[in-house]
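Please read all numbers here as calculations on a predicted model, not as lab measurements. Computed over heavy atoms, backbone and side chain alike; hydrogens, waters and symmetry mates excluded. Sequence lines set the chain letters: A, B, ... in the order given, protein chains first and strands last, and positions in each chain run from 1.
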Number of protein chains: 2
Amino acid sequence: MATIHDVARAAGVSISTVSYALSGKRAIGAATRDRIDAAVAQLGYRPNAGARMLAGSRTNLLALSAPLHADTYAPAHMTFVLAIAEAAREFDYDTVLLVQDEAVNGLRRMVSSKLVDGIVLLDVDRDDSRVPLVRELDIPVTLVGIPADTTGLTCVDLDFEAAARLSVERLAAQGHRQIGLIGHPEELYARGSNFPIRFRDAFAAAAAEFGVGTHFVMPEQEPVSVRVALEELRRELPGLSAIVLNCNEPVHTMALELLRQDGASIPQDMSVLSACSSFPTDQLDPPLDVIPLPALITGRRGVELTMNQLGGYSEPVVELVPPAYIAKGSTASVT
Amino acid sequence: MATIHDVARAAGVSISTVSYALSGKRAIGAATRDRIDAAVAQLGYRPNAGARMLAGSRTNLLALSAPLHADTYAPAHMTFVLAIAEAAREFDYDTVLLVQDEAVNGLRRMVSSKLVDGIVLLDVDRDDSRVPLVRELDIPVTLVGIPADTTGLTCVDLDFEAAARLSVERLAAQGHRQIGLIGHPEELYARGSNFPIRFRDAFAAAAAEFGVGTHFVMPEQEPVSVRVALEELRRELPGLSAIVLNCNEPVHTMALELLRQDGASIPQDMSVLSACSSFPTDQLDPPLDVIPLPALITGRRGVELTMNQLGGYSEPVVELVPPAYIAKGSTASVT
DNA sequence: GCCGTTCGTCGAAGCGCTTCGATATTGCGC
DNA sequence: GCGCAATATCGAAGCGCTTCGACGAACGGC
């Protein structure tokens, strides 16, 4: 492996000149720079990561704390992980993955060994055990998800409250008076999982505000359970004409299949809207109107906010990504 | 942050003594060691990662190359990632995650900047673009998955051939003469994806060997497509009495639901076996006999093989994990 | 033509750790 | 009681990089 020393010799300059030429932190003559660039290319020189970490103030490594609960929906989770790892690369950062126990315990290790410059926390619960920890860690941290107490923290997430309100608003404007909400499995709510609860509560509030009746069910990812849930909606909401799905893809598929079997066509007999979904709904049959969970945007923003903190000082902020509504023709006005 | 210097002073010894006490590479007096341990604990000392990398020969970082194709089944993929990250920790290693483009391009960067000590490649295709690359990289590498040409490479994977043979063998022994195989979506095979092809081909060979009729279908993850696939099996195999599922969880659920709707009870009317599944099949209705895809075992083994290479020299090996058969009562003898 | 700048380059001092010889101390055989 | 081997500890030399202060050269203003 070539070292900076080799490059310096090949270019006929000193080590510090090479360093400055590569970092751009001081002006370097054009001719000199060219010779250095040529030497770098010819030797295939790459700065030694360890040396850089030790001498410089940056490690160019980002910790990604990604605990995975038994009930975590893997595809969504994965999308966030991908978004963050890719966004990090745009800042010339690599990502150290901390899973399971290490998602909590590893953080302190990352910081005290100075392995990483910053941390992104994924899948933050309302009352997350990582929150008190990162509060005392003196390092840039961004939480993807909003904990109960955000004091002093930088957070980013989809504005689930606005998304819930938008769902109700659109359907109410179409004349729907009874709107069913299909949520995630019950454990998630019991565990204090973040966004399902925020969505559910804001949905209820919006329903009250717009004066529409609503009922909430939490089926398991399992056909029988979904059928029971649908039946419960019909029983509780006699004039049911619209359903909002705030659940995983398999439950979407099952619900659509069950509606088909019941002879309910979409959107004539039933308007269906997918809210906060991390997967493409236009592959479903029929394609569904959707308020996407923009994992790519949110994840990337989580990295950006961390990088901002690395630069100058930025005040802690809670940043809510506004929801978008994408129509696919699966909702219609009540006739 | 405390440095080794602080620890040395607090314990009243030299820096090198602290280093040796912590690494155990030279004998240290019991009393001295105790004082050092106390100082370490009291100061909360953690070796600086950059300094360690630079001075030592190890970085204690492992690269995990995990490209994610559009058709990759996220839960299975995630299980491998988790298994590897957790196994790495048992060797005191952290995992640098390389996704998408970086899964290929990042590798060279990892090596030439000496950021990582070893590499694990996930989701290796038959003709994977990373294979020629890692062959020329002078660093411990383990592939999870078996490429077409394994010369000079260390690989580990479930023995899919044996798994396919085991499937046929068990069902043939129960007297089944016509066995349907439901595979993954067609794109996977077209792309040269690794294990679906290995399973399919070995299945056909085993069927020929045991003299049973078989037919292979590749439904999309979509109820209509699964229904069509089932109908095709029934049409092609008039005496169909057993089905092997080598596909994703949602397709399992759909197939079982369709069989139920057709009034076919398991195992009386139809024996069903799930082969090489990364998810628990006892949550299905009914629970299915399964030959598991042992992601935890395979992933961990991938790490272990890499660590072995880091230690002494070990010859490249292709290690096939033998399949296991777990009965849940979803297959029965033909009556 | 002299002084104060600006520009381009260099030497050297670390960053915190590992590791290779020493050196000092102890214990043992005879 | 002497020498030799083990045992315990230390000092110092790097690992490859960043960054600070210095310094020579070129340049414009007067």
Side-chain angles (χ1 to χ4, degrees), chain A residues 1-40 43-61 92 109-117 310, chain B residues 1-40 43-61 92 109-117 310:
Chain A
M1 295 294 112
T3 71
I4 198 173
H5 194 261
D6 300 325
V7 175
R9 197 171 13 170
V13 296
S14 76
I15 286 175
S16 54
T17 302
V18 175
S19 180
Y20 284 122
L22 294 177
S23 70
K25 292 189 179 170
R26 280 196 188 176
I28 296 291
T32 309
R33 189 198 317 283
D34 289 347
R35 264 181 300 131
I36 290 173
D37 288 348
V40 165
L43 294 170
Y45 167 73
R46 291 273 190 182
N48 177 293
R52 229 225 263 256
M53 289 186 196
L54 181 57
S57 49
R58 296 283 176 88
T59 68
N60 282 50
L61 247 24
D92 199 28
R109 190 162 47 81
M110 294 291 114
V111 174
S112 49
S113 69
K114 289 211 197 313
L115 215 212
V116 302
D117 293 335
L310 267 173
Chain B
M1 293 297 111
T3 71
I4 197 174
H5 193 261
D6 301 325
V7 175
R9 197 171 13 172
V13 296
S14 77
I15 286 174
S16 54
T17 302
V18 174
S19 179
Y20 283 122
L22 294 178
S23 70
K25 291 187 181 173
R26 280 197 188 177
I28 296 291
T32 310
R33 190 200 314 285
D34 288 348
R35 265 182 300 135
I36 290 174
D37 287 349
V40 165
L43 294 169
Y45 167 74
R46 290 276 189 181
N48 178 293
R52 227 223 263 257
M53 288 186 197
L54 180 56
S57 50
R58 296 281 176 89
T59 68
N60 282 49
L61 247 27
D92 198 28
R109 191 163 45 79
M110 294 291 115
V111 175
S112 51
S113 69
K114 289 213 199 307
L115 214 213
V116 302
D117 294 334
L310 267 173

Check: residues 26-40 of chain A side-chain donor-acceptor pairs under 3.5 Å, at least two apart:
unit_1, atom_1, unit_2, atom_2, d
A/R33, NH2, A/I28, O, 3.2
A/R35, NH1, A/A11, O, 2.5

* Kindly determine whether B/M53 and B/L115 satisfy side chain to side chain contact (heavy atoms under 4.5 Å, CB included), including the steps that lead there. => CA-CA 8 Å; B/M53 288 186 197; B/L115 214 213; 4.2 Å; yes
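- Against DNA chain D, the stretch residues 48-61 of chain B makes heavy-atom approaches under 4.0 Å through B/L54, B/A55.
- You can see that DNA chain C meets the heavy atoms of chain B within a 4.0 Å-exclusive cut from C/dG16 to C/dA22, reading 5' to 3'.
- For DNA chain D, the neighbouring residues in residues 23-40 of chain A, judged by any heavy atom under 4.0 Å, are A/K25, A/R26.
- Helix bend of the helix from C/dG1-D/dC30 to C/dC30-D/dG1: the angle between its two end axes, each built from five pairs, comes to 30° after rounding to 10°.
- For the side-chain hydrogen bond (donor to acceptor under 3.5 Å, both in side chains) test, residues two or more places apart in sequence or in another chain that qualify with A/S16 are A/S14.
- Contacts classified as salt bridge (Lys or Arg N to Asp or Glu O under 4.0 Å) and involving residues 8-18 of chain B (residues at least two apart or in different chains) are given here: B/D6-B/R9.
- Pairs engaging residues 43-59 of chain A under the side-chain hydrogen bond (donor to acceptor under 3.5 Å, both in side chains) rule: A/T59-A/D117 [sequence neighbours left out].
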* Asked: What do the steps show when you test A/L22 against A/V7 for side chain to side chain contact (heavy atoms under 4.5 Å, CB included), and what is the final call?
  -> CA-CA 11 Å; A/L22 294 177; A/V7 175; 5.9 Å; no
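- For B/V18 against B/A8, the heavy-atom pair with the smallest separation is CG2-CA, 3.6 Å.
- Within residues 10-20 of chain A, the residues having any heavy atom closer than 4.0 Å to DNA chain D are, in order of number, A/I15, A/S16, A/S19, A/Y20.
- Pairs engaging residues 13-24 of chain A under the salt bridge (Lys or Arg N to Asp or Glu O under 4.0 Å) rule: none recorded [sequence neighbours left out].
- Rounded to an integer number of Å, the gap from CZ of B/R9 to C1' of D/dC10 is 17 Å.
- Not a single donor-acceptor pair under 3.5 Å links the side chain of A/S19 to the backbone N or O of A/I15.
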